[in-house]
Participant: 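Please read through the structure below; I'll follow up with questions.
Only this structure's heavy atoms are used, side chains among them; waters, hydrogens and symmetry mates stay out.
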Amino acid sequence: MRARREQPAAPTPASTSTTHAPPLSPPRWAVRAAQLITLLALPTGLWRLAMVCGFPSGYTAAGFVPFDTPGSKLWMLTLSVTCELLSLLSLGLVRPWGETMPRWIPVIGGRPVRPPAAVVPAAAGALALTALWAAMPLWWTYPHPDMTPAGRLLVGVIYQPLVLWGPLLGAVTVSYYRRTRGSRTAHTNTP
């Protein structure tokens with residue numbers, strides 16, 4: 001006797017599921033680079049916060065006057081917090097919340113992040129930061145009459161790490177793109 005072959009059942013709406021390609025882990029260097037990015041903006045943020053609290057932080061008495069106004073203090077506080085928050089976003093390129101929106105976010109929570117939604121702003125940010133901080137290594141070649149010699153040295157030293165922010169963000173962005181470029185949603189028919 002011949003065994004009877006069973007025909008596969010036709011797919012039903014219940015058997016059609018949406019699956020995602022298994023996420024690839026980010027390379028260790030990308031994780032370390034993203035973590036380093038969060039630390040790069042910290043020294044300058046703390047320096048500005050000291051100025052918000054009224055410490056001249058390397059400025060002469062006359063040089064500090066423009067920074068000792070409520071508007072300047074609000075600007076320095078806003079700039080410090082914004083820079084640190086933007087640097088923390090780089091972690092999304094190496095963490096699960098960079099691939100799937102956290103569930104606590106209304107309306108879009110739990111949905112996959114489309115790679116261009118992360119890659120385009122991150123790449124633009126990397127280019128902008130690279131252009132912004134490219135001249136920072138030349139800090140000591142410019143005159144700073146409103147600063148003390150020690151202040152000039154301090155500011156030069158704490159701002160130098162920002163030169164790395166753009167290139168590191170660019171490298172982490174390329175890593176994210178390579179990991180996620182094939183992660184399209186696939187509809188499969190499984191019994």
Participant: Please verify the inter-ring angle class for Phe67 with Tyr59; under 30° counts as parallel, over 60° as perpendicular, anything in between as tilted.
Facilitator: tilted
Participant: Counting C-beta onward and ignoring hydrogens, is there a side-chain heavy-atom pair between Leu91 and Gln35 closer than 4.5 Å?
Facilitator: yes
Participant: What closest approach, in Å, do Ser80 and Gly45 show between heavy atoms, and which atom pair accounts for it?
Facilitator: OG-O, 3.5 Å
Participant: Heavy atoms, side chains only, cut-off 4.5 Å: are Lys73 and Asp68 in contact?
Facilitator: yes
Participant: Show the nearest heavy-atom pair for residues Pro26 and Val31, with the distance to one decimal.
Facilitator: CG-CG2, 3.7 Å
Participant: Atom CG of Leu169 and atom CG of Leu93: how far apart are they, to the nearest 0.5 Å?
Facilitator: 6.5 Å
Participant: Set out, in order, the CA-CA distance, both residues' side-chain angles and the distance that settles side-chain contact (heavy atoms from CB on, under 4.5 Å) for Trp133 and Leu40, then state yes or no.
Facilitator: CA-CA 12 Å; Trp133 298 114; Leu40 294 177; over 6 Å; no
Participant: Check whether any side-chain heavy atom of Ser90 lies under 4.5 Å from a side-chain heavy atom of Val172, and answer yes or no.
Facilitator: no
Participant: How long is the straight-line distance from CG of Leu164 back to CG of Leu39, given to the nearest 0.5 Å?
Facilitator: 12.0 Å
Participant: Among the clusters formed by ILVMFWY side chains lying less than 4.5 Å apart, do Val157 and Met136 turn up in the same one?
Facilitator: yes
Participant: Between Ala50 and Ser57, which heavy-atom pair has the shortest distance, and what is it?
Facilitator: CB-OG, 3.5 Å
Participant: Ser72 side chain to Thr69 main-chain N or O, any donor-acceptor pair under 3.5 Å?
Facilitator: no
Participant: Give a yes or no on whether Trp104 atom CH2 has more than 12 heavy-atom contacts from other residues, nucleotides or ligands under 6.0 Å away.
Facilitator: no
Participant: With side chains defined as the heavy atoms from C-beta onward, is the minimum distance between Glu99 and Val113 less than 4.5 Å?
Facilitator: no
Participant: Closer than 3.5 angstrom, by distance alone: can the side chain of His144 be matched with the main-chain N or O of Trp139 as a donor-acceptor pair?
Facilitator: yes
Participant: Is it the case that over 12 heavy atoms from other parts of the model lie below 6.0 angstrom from the OH atom of Tyr177?
Facilitator: no
Participant: Do side-chain atoms of Thr100 reach the backbone of Gly110 as a donor and acceptor pair under 3.5 angstrom?
Facilitator: no
Participant: Would the number of heavy atoms belonging to other residues, nucleotides or ligands and lying under 6.0 Å from CH2 of Trp75 be above 12?
Facilitator: no
Participant: Using modelled atom types and a 3.5 Å cut-off, is there a donor and acceptor pairing between side-chain atoms of Tyr176 and backbone atoms of Gly98?
Facilitator: yes
Participant: Does Trp97 belong to the same Ile/Leu/Val/Met/Phe/Trp/Tyr cluster as Ile108, with side-chain heavy atoms less than 4.5 Å apart forming each link?
Facilitator: yes
Participant: Are the side chain of Ser87 and the backbone of Glu84 linked by a donor-acceptor contact shorter than 3.5 Å?
Facilitator: yes
Participant: Do Leu85 and Val94 share a hydrophobic cluster, counting only Ile, Leu, Val, Met, Phe, Trp and Tyr and linking them when any side-chain heavy atoms are less than 4.5 Å apart?
Facilitator: yes
Participant: Are Val120 and Leu86 linked, directly or through intermediate hydrophobic residues, by side-chain heavy-atom contacts shorter than 4.5 Å (ILVMFWY only)?
Facilitator: no
Participant: Of the non-hydrogen atoms in Trp47 and Val155, which two are nearest, and what is the gap between them?
Facilitator: CZ2-CG2, 3.4 Å
Participant: State, to 0.1 Å, how close Pro137 and Gln160 come at their nearest heavy-atom pair, and which atoms those are.
Facilitator: CA-OE1, 3.4 Å
Participant: Please say yes or no: joined through hydrophobic side-chain contacts below 4.5 Å, possibly via intermediate residues, are Val81 and Met51 part of one cluster?
Facilitator: yes
Participant: Indicate the atoms forming the closest heavy-atom contact of Pro161 with Ile158, along with that distance.
Facilitator: CD-O, 3.4 Å
Participant: Taking side chain as C-beta onward, heavy atoms only, is Val174 less than 4.5 Å from Arg178?
Facilitator: yes
Participant: Give a yes or no answer on whether the side chain of Arg152 reaches the backbone of Met147 with a donor-acceptor pair at less than 3.5 Å.
Facilitator: no
Participant: As an exercise, state the distance from CD1 of Ile37 to CG of Leu162, rounded to the nearest 0.5 Å.
Facilitator: 11.5 Å
Participant: Check each of Leu36, Leu132, Leu129, Thr130 against Trp165 using the side-chain contact (heavy atoms from CB on, under 4.5 Å) test, and report the only one that passes.
Facilitator: Leu129
